[in-house]
There are 2 protein chains.
Amino acid sequence: MNIGEIAKRAGVSRSTVSYALSGKRPVSNDTREKIQRVIDDLGYRPNASARALANGRTRTIGLVFPPAGDHYTGMQLDFIGSVVEAAAAYDYDVLLSPSGVDRDRSFQRLLGERRVDGAILMEIRLQDDRVDHLLAAHFPAVCIGRTAQPERDWWVGLDHTVLAAACVHHLADLGHRRVAFVNRPERLLRAGYESAHRGLDGFTKAAAERGLTVRTYTCGDDAPSGQACLERILHDDPATTALVTLNEAALGGLYRGLAHAGRHVPRDFSVTGVVAARWAETVTPQLTAADVPAAQMGRLAVELLVERLDQPDAPPRHQLLAPPISLRASTGPVGTVAPVSAGSDVNA
Amino acid sequence: MNIGEIAKRAGVSRSTVSYALSGKRPVSNDTREKIQRVIDDLGYRPNASARALANGRTRTIGLVFPPAGDHYTGMQLDFIGSVVEAAAAYDYDVLLSPSGVDRDRSFQRLLGERRVDGAILMEIRLQDDRVDHLLAAHFPAVCIGRTAQPERDWWVGLDHTVLAAACVHHLADLGHRRVAFVNRPERLLRAGYESAHRGLDGFTKAAAERGLTVRTYTCGDDAPSGQACLERILHDDPATTALVTLNEAALGGLYRGLAHAGRHVPRDFSVTGVVAARWAETVTPQLTAADVPAAQMGRLAVELLVERLDQPDAPPRHQLLAPPISLRASTGPVGTVAPVSAGSDVNA
DNA sequence: CGGGATGGTCGAACCGGTTCGACAGGGGTG
DNA sequence: CACCCCTGTCGAACCGGTTCGACCATCCCG
């Protein structure tokens, strides 16, 4: 069922069918209706590859996955979902590209083979060769996150510096003096992940400003690592009374570590950080945190990309978000007495 | 940089370049090397749309998203990640299609416009018109989950009946007599979600077999709903001592509800269910559960689909998995005394 | 009433690959 | 030596759309 078939049955030429469909040239009512009837009868839909070949637009955007690869956090899930939905609203499909496995190969697929009109990158690093590469190739891309040269690029990002600082101030206001910072995994920090770096930065500076005693940690993206990390924290400085985490996936483990150590949240120990709302609400007590507006960010990224695709030479645009801290139940004033060493409510 | 350009610079015809690349006809070593040099110099990559148009294969598979839409569970994330990676290994891209928003439209995009060679469907319902539709169209598809007529289709699925029954037996063996079942949301059950139905079935039958007193509930896919659900459970029958859940996203809320009610897990109350390992490990105490092998299922689905694409007329194949229960820390023998009405460790 | 817009349609070229048939030349076989 | 087969290459057709230029009617305006 190709356009030629439709043309034949409607008794017109192929170009007339095309114009009837696209509206790029006038077509009389009679013929348009005749064509439409045939199309409806046969359930005809124009072939996407042929169309893409002819006009150079695939109406597909590439969503480039984390270079991390081994697994995904809940935040990433929210990004993916919102990007897909926003793209659908603009009549774009989304092609997933795992930049983790074999970056060059999948980039070649996306760009070299022209599978997509533009790309959205996740998990940006401060020095990100993927971004440099796309920039050099003048390929339309939007980052979720900022590189170290944010002016060059199109992006939507979270102000992790401000967010981490806000967490520090919140804790300092509650009287906490010894605070730990739980970052993403060592490997990602080394690789230059922007959220990990800027978050650490914001934390460190704000803590210095408030004269806090701090220790910073990296922690694997899973619950067992979180638990282990918490044990290290209390081992290194048992007088720690609060922590700030950027590590969503470790959150459950951190809580477990606290429970095992007999520290009650928030009575003996306060926890806060930067986490998507959905995950902040799954732990008990619910996490007081700067909620990552993942859905909004995905939508914004698509909007920027579509805008860029529509006018290829527009100057870079960006959007920096800094959501406020949502007060829930995991932080409180520092206790006046030293924390008890073990609660009654601990598992064996 | 198209194939004609390469041909010109290498001093051969376009078809020779094509054959040098595909190997479908012999090409002399000399010319092959000459061509390869030009290709390397120019960084040429064949255009995917043109190729797809010419040979009818897009080398893309569609991943059809839940009809549920409003948000995604962790299990789905694992499916997506593993499907993308497995597909990459077979040199396929993955196109995401939100069947939730406007099912017909996105199906038309995938199938009618020939954007993909085949599809993987998630969140199958017992009567699933998407599956019927694909079957009628002879479109190569593989389901993650089973319809009510599993013989017709290609699928990889979890034996929720057996899994739910295993949970019941596990609890019964520990002496529990009054058990609640926490299912996916009402809406999904009504829509005929297979996991919800077969899970409920397995639970009910096994409970009858063991002579247990049970109540079954549906519960929204989020923590607050889980908490509310647990309150209902204890309100309806305060003597309940255990629950089985299929609802991963509600898990955190169920735990919170228990904590608020002063029921200690697993001393006063046992919790088990069917949940992906990663999420079973984030709660404290860690959940004893039948671990959903999401990564393996995604990989298997891709393998089946690739097989089906390679030989279009093969008879349906399927794979039914029933992972064993992983013993962690959330279940235990039923207490000999009635549970205390409130603990000392509850938040205000 | 002549001439220039305007509306409506067609044929042909093009996008960038793949593939088929044809053919030239060399080597082996009867 | 005639024949055939195989290797290596080319030109042309094709996949299914879009778009440009040309053409013929009308219609409006001066």
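Order of the sequence lines fixes the chain letters, A, B, ..., with proteins taken first and strands second; residue numbering starts at 1 for each chain. Note that the structure is predicted; figures quoted are calculated from it, not measured.
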Counting side-chain heavy atoms from CB outward, which of dG16(D), dG11(C), dG7(C) is closest to Leu53(A)? dG16(D)
Could you check whether the rings of His318(B) and Trp155(B) sit parallel, tilted or perpendicular, using 30° and 60° as the cut-offs? parallel
Could you tell me how far apart Leu21(B) (CG) and dG17(C) (P) are, to the nearest whole angstrom? 9 Å
If only side-chain N and O atoms of Thr16(A) are considered, is one of them under 4.0 Å from the OP1 or OP2 phosphate oxygen of dC10(C)? yes
Could you state the atom-to-atom distance from CD of Glu33(B) to C1' of dG8(D) in whole Å? 15 Å
Nearest-Å distance, CG (Asn47(B)) to P (dT18(C))? 10 Å
How close or far is atom P of dG8(D) from atom NZ of Lys34(B), stated in whole angstroms? 14 Å
Over all atoms of both residues, closest heavy-atom pair of Glu123(B) and Arg130(B): O-NH2, 3.1 Å
Among the nucleotides dC10(D), dG17(C), dT7(D), whichever has the atom closest to the side chain of Val12(B) is dC10(D)
Among dG7(C), dG16(D), dT19(C), the one nearest any side-chain atom of Pro26(A) is dG7(C)
Send over the distance from Asn55(B) CG to dC20(C) C1', rounded to a whole Å. 15 Å
Separation of dG11(C) atom P from Lys8(A) atom NZ, nearest Å, is 14 Å
Should the side chain of Arg25(B) and the base of dT9(D) be counted as holding a donor-acceptor pair, with the cut-off at 3.5 Å? yes
Looking only at non-hydrogen atoms, find the nearest pair between Thr60(A) and Tyr92(A) and report the distance. N-CD2, 3.6 Å
Tell me which nucleotide among dG17(D), dG16(C), dT18(D) gets nearest to the side chain of Arg14(B). dG16(C)
dC20(C), dG17(C), dC15(C): which one has an atom nearest the side-chain heavy atoms of Ser15(B)? dC20(C)
Atom-to-atom span, CZ of Arg51(A) to C1' of dC15(D) - whole angstrom: 16 Å
With nearest nucleotides of DNA chain D determined for Asn29(B) and Ala54(B) from heavy-atom distances, which residue corresponds to the more 5′ nucleotide? Asn29(B)
Salt bridge check: are Arg152(B) and Asp132(B) linked by an N-O gap of less than 4.0 Å? yes
Search all heavy atoms of Pro150(B) against all heavy atoms of Ala148(B) and return the closest pair with its distance. CD-O, 3.1 Å
Indicate whether OP1 or OP2 belonging to dT18(D) is found under 4.0 Å from a side-chain N or O atom of Ser22(A). no
From the list dC20(C), dG21(D), dT18(C), which nucleotide is the closest neighbour of the side chain of Tyr19(B)? dC20(C)
Which nucleotide in the set dC10(C), dG17(C), dC20(C) lies at the smallest distance from any side-chain heavy atom of Pro46(B)? dG17(C)
Check this for me, if you would: do Glu33(B) and Arg37(B) make a salt bridge, where the nitrogen-to-carboxylate-oxygen distance has to be below 4.0 angstrom? no
Nearest heavy atom decides the nucleotide; on that basis, is Asp30(B) or Ala50(B) closer to the 5' end of DNA chain D? Asp30(B)
Side-chain contact check for Asn2(B): nearest option of dG16(C), dT9(D), dT19(C) is dG16(C)
Indicate whether OP1 or OP2 belonging to dT18(C) is found under 4.0 Å from a side-chain N or O atom of Lys24(B). no
Rounded off to whole Å, could you give me the CZ-to-P distance for the Arg115(A) and dG17(C) pair? 12 Å
Would you say a side-chain N or O of Ser28(A) is under 4.0 Å from OP1 or OP2 of dG8(C)? no
